[in-house]
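Accompanying notes for the structure given below.
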2 protein chains.
Amino acid sequence: MNTSPPRSLHQVPGRPSPTLEDLALAAGVSRSTASRAINGGDRVSPEARAAVDRAVADLGYIPNRAARSLVTRRTSSIALVIPEPDVRVMMDPFFAVVITGITEALRETDVQLVLLMSRTGDDSARTLRYLRGGHVDGAIVVSHHRADSWARSLSETGLPTIFIGRPWDTASDVTYVDTDNEGGGRLAARHLAGIGRRRLATVAGPADMTAAVDRLRGWQAGLRDAGLPEGPVVHADFTTDGAAAAARQLLTDHPDVDGIFAASDLMALGVLEAVHASGRTVPGDIALMGYDNHAVAGTASTPLTSITQSIMQMAVRAGAMLLEEIEAPGSHPEPVVYSTELVERASTMVAPRASAVKA
Amino acid sequence: MNTSPPRSLHQVPGRPSPTLEDLALAAGVSRSTASRAINGGDRVSPEARAAVDRAVADLGYIPNRAARSLVTRRTSSIALVIPEPDVRVMMDPFFAVVITGITEALRETDVQLVLLMSRTGDDSARTLRYLRGGHVDGAIVVSHHRADSWARSLSETGLPTIFIGRPWDTASDVTYVDTDNEGGGRLAARHLAGIGRRRLATVAGPADMTAAVDRLRGWQAGLRDAGLPEGPVVHADFTTDGAAAAARQLLTDHPDVDGIFAASDLMALGVLEAVHASGRTVPGDIALMGYDNHAVAGTASTPLTSITQSIMQMAVRAGAMLLEEIEAPGSHPEPVVYSTELVERASTMVAPRASAVKA
DNA sequence: AGGAACCGTGGGAGCGCTCTCACTCCGTGG
DNA sequence: CCACGGAGTGAGAGCGCTCCCACGGTTCCT
C-alpha cells in the first residue's frame, strides 16, 4: 500500500478544490442530479436545484473544465489566429481593437480566448496541429497574405472558423467579416475628384493582401465613375518609410499629380514627408488622403482626411458569428461587410491652413 | 430508444482522432510505453521509442489535452490578465508588445496564452474564479491602478504569477518585472537641466499608477540632483487631450517655464498643442520631453525627445520567469527592472529648426 | 552462486465529469 | 383496478490520459 498521499508533481498547496462528488454530498443529492442542476438541465426539482446552488456557494465549487471537456468534447475556448505577425503589424491598433471586440462578444459567455500567433512556417504547422487537435471549439483568423493557406487548411478540419478580412480563397464556403475596402477606395476617388483634383495617383498596399487589392480596385472604379484616367499606381508595404520611398519615385515620375490616395494613414504620413521634401505643400499643391482613420491621421502635422471603418463592430460580429456556428454547426452564415465613411480633415481642404483642428 | 447514434451535441464529422490506445496498438507496445515515449520519459528503449514515433507520424496522433490535464493537473496554458482595459488603453502599443513578447517566450513550449480581460468589477470576479479554478498554470498580470487588488487576491490562490509593472502592493512576495520609471524620470530632469533649462515643470500621469508615480519621483529627484527647485507638477490621465488641458493651465499659472517633461509621448503631444496655442515655440521657448518613445514621438510636427524602455525585453522576461516558476514552484525570483534610455530629438535641441529629422 | 539493483515493460486504477439507462413514484386513462 | 407514461432521481460506464506498481530479464556486487 502506498502510505504517502499520491499527489501529482505540481499541486497548489491549499485544500484540493471540491469535486462534483463533494458538492453532491453537501447538497444531499446524487452526482447526477448535481450535474444536471449545474448545467441548467430541466429535469431537476426546484428543491434539489436550490440545495445544489447553496452547496455551490458554500463550497466555492468550480467545475473542472478538463474533466468536462474530456467527455463533452467541448473546450469552451476559441482561438484567435494571427498568422505571421511581426511586431510592426501587431502594433497596429487594428489588433487591439479586434481583440477587444472579440472579448466583448465573449463576455456573458464562459468562453475564453486563446491567442495563437504563428510566425514562421514551422510555427504555423504547430498552430494547425493545435487547432485540429480539438483544443478549441472554433477559430477566428485574421487573414492577411495570399501565401497563408489557412482558409483551405482549416475548412478541411471542419472546425468552425470565421475570417476577419476577406481571405484570398473565397471559393470554398468560408465565412468572413470585412469592411468595404472597395467602397472605401471608391469614396477616396470620389472625394478627391469632388474637390477638383484631376491628376490623381495612389500609393497602394501590398498586392498580396485582399484589403490592399480591394481598396485599389475601388479607387480605380471611382476614378472611372468620375471620368478620370486611371492615373499612376505605386505599391508600398503599408509602412511609413516604404510609402515615403514610393512617393518620392511617384513625384519624380509624375511631377504633375495634384492628389494622392495612400491606402493607409501610416503610408500617408510617408507620402506627406515625401511631398514636403519635394518642396510641395499639402493640400495646396497636392491633396492627400489616408485610410483607416488611425489616431495619427488626426495628429499629423497636416491632419489627414481618411476613411473610417468600424473594426470594433466587425470584430464583435465575428465573435458572435463564431459562437453561433459553434452552437449550431452546419449553419454557414453569409459573409458580412461593413460600410466605410470618409472623414475630412485639413489635408484635402484648400483654403484655411491647418490651425485649430481638433478631433 | 434513440435510434440515432449517441454522439455528443457537437462533434466534428471526420474520423475520431486516434487515442493513445490506438497509437500503442499501431506501435506494437503498451499504452504505458507509448505514453512514456511521447512524454520523453527516459525509461524507454530506443526501438520502442522509434516505433511510437513512427506511429505518431502515421496516425497523426495529437494528445488529448483535456485528458492529460485531468490527471496531471497542469493545463499547459497561462493567462494574461488585463484589468479594466478600456479600448484606449488597449490601443497603446504597449499591449501589442507585451503580447508579442510573452508569445515569444512561449514558443518552443506548447504553452498557450489565454487572454483575460476584465472590465467591470463583476467581470473581475469571474476572472478571479477562472484563475483559481486551476484552468491555467500561471498568470501574468498587467498591473495598473491602485484600486485593483490583483496582487493580494492572486497571491492567496498560490497560482504562480508575474506582474508586469510594479504592483502597488509590493509588501507581499509578489514577483514583478518593470522598467526603471524612476530612472527614466531622473534622466528627463538631467537632460533638460543639461541643456540649460532652469524653470522646469512636469505633466505627470495619474497618481494611482505606479509608473506615473515612479516617473514623477525620479523627475523630482533629478531636479534636486541638478540643484533646481521642484517646479510645478500637474497631473493628467495619459491622454493627449487631458494633457493639453493640464498644460494650458500650467502655462497660465507659470508663464515663465522653459522646459516641460510630459510623462508619456501621447501627453507630450497635448502639451505641444497647448504650447503652440499659447503662441510659444518648441524648443525655442519651451523644451519638451515625452516618455515611452512611442512611434508618434518621431512623427510629431516637432519630433519629441523621449525615454525608451524595452518593453519587449521585459515581456519576454516575464514570460520566461513565469515558466520557471511553474516548473519549480516555490522559487520566488527577484523582481527585475530594466533600464531606460534617452532618445534625443528636435523638441529639446536648440539651434536648428526641425527640418530634416529622420528616425 | 545468490541476492541486490536496476532496466524496460504492461496492467490497472483513477483524475472529475457527463450521459445513458434503469428505477421509483406519481397522475392519468382504459 | 391495472397498465401506462412522464418526471425526478441515482448507479455506472467511460471520456483519454498519466502514474503507480508488479514483473521478468539483465547486470553487478558481495
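It should be emphasised that the depicted structure is a prediction, and the values quoted were computed from it without experimental measurement. All chains are named by letter (A, B, ...) in the order of the sequence lines, taking the proteins before the strands, and each is independently numbered beginning at 1.
When rounded to the nearest whole Å, the span between CG of Asn39(A) and C1' of dC17(C) equals 9 Å. Computed from coordinates, the Leu20(A) CG to dG12(D) C1' distance equals 14 Å when rounded to whole Å. One atom, NE2 of His135(A), and another, P of dC17(D), lie 10 Å apart when rounded to the nearest Å. Between the P atom of dC19(C) and the CD1 atom of Ile38(A) lies a distance of 13 Å, rounded to the nearest Å. Rounded to a whole Å, the CZ atom of Arg73(B) is 8 Å from the C1' atom of dG16(C). Counting to the nearest Å, the P atom of dC17(D) and the CZ atom of Arg74(B) are 18 Å from each other. Atoms CG (Leu70(A)) and C1' (dG16(C)) sit 9 Å apart, rounded to a whole Å. Computed from coordinates, the Leu25(A) CG to dT9(D) P distance equals 17 Å when rounded to whole Å.
Val114(A) is not listed as a side-chain neighbour of Leu113(B), based on a closest heavy-atom distance of 4.5 Å or more. Asp110(A) places none of its side-chain heavy atoms less than 4.5 Å from the side chain of Tyr130(B). Annotation: side chain of Arg166(A) is not in contact with side chain of Val174(A) (no heavy-atom distance under 4.5 Å). A heavy-atom distance below 4.5 Å is found between the side chains of Ser35(B) and Leu20(B).
The end-to-end axis angle of the helix from dA1(C)-dT30(D) to dG30(C)-dC1(D), rounded to 10 degrees and based on five pairs per end, is 50°.
The structure places CD1 of Ile164(B) at 5.5 Å from CD1 of Ile140(B), a figure rounded to the nearest 0.5 Å. Here OG of Ser69(B) is found 6.5 Å from CG of Asn64(A). Values are rounded to the nearest 0.5 Å. Atom CZ in Arg126(A) sits 9.0 Å away from atom CZ in Arg129(A) (nearest 0.5 Å).
OP1 and OP2 of dC15(D) both lie 4.0 Å or more from every side-chain N or O belonging to Arg68(A). The phosphate of dC17(C) (OP1 or OP2) has no side-chain N or O of Ser35(A) nearer than 4.0 angstrom. For dC15(D), the OP1/OP2 oxygens have no side-chain nitrogen or oxygen of Asn64(B) closer than 4.0 Å.
Ion pair Glu327(A)/Arg74(A) flagged as a salt bridge, since at least one NZ, NE, NH1 or NH2 atom sits closer than 4.0 Å to an Asp/Glu carboxylate oxygen.
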Where protein sits on nucleotides 5-13 of chain C, one letter per nucleotide: B base, S sugar-phosphate only, - none, heavy atoms under 4.0 Å: --SSBBBBB
For nucleotides 25-27 of chain D, which of its nitrogen or oxygen atoms have a protein nitrogen or oxygen under 3.5 Å away, and what is each distance?
none

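Side chain of Asp137(B) to backbone of Ser76(B): a donor-acceptor contact under 3.5 angstrom is found.
Side-chain polar atoms of Ser30(B) and Thr33(B) form a donor-acceptor pair below 3.5 angstrom.
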From CA spacing to verdict: side chain to side chain contact (heavy atoms under 4.5 Å, CB included), Ile78(A), Leu322(A): CA-CA 9 Å; Ile78(A) 65 169; Leu322(A) 182 58; 3.7 Å; yes
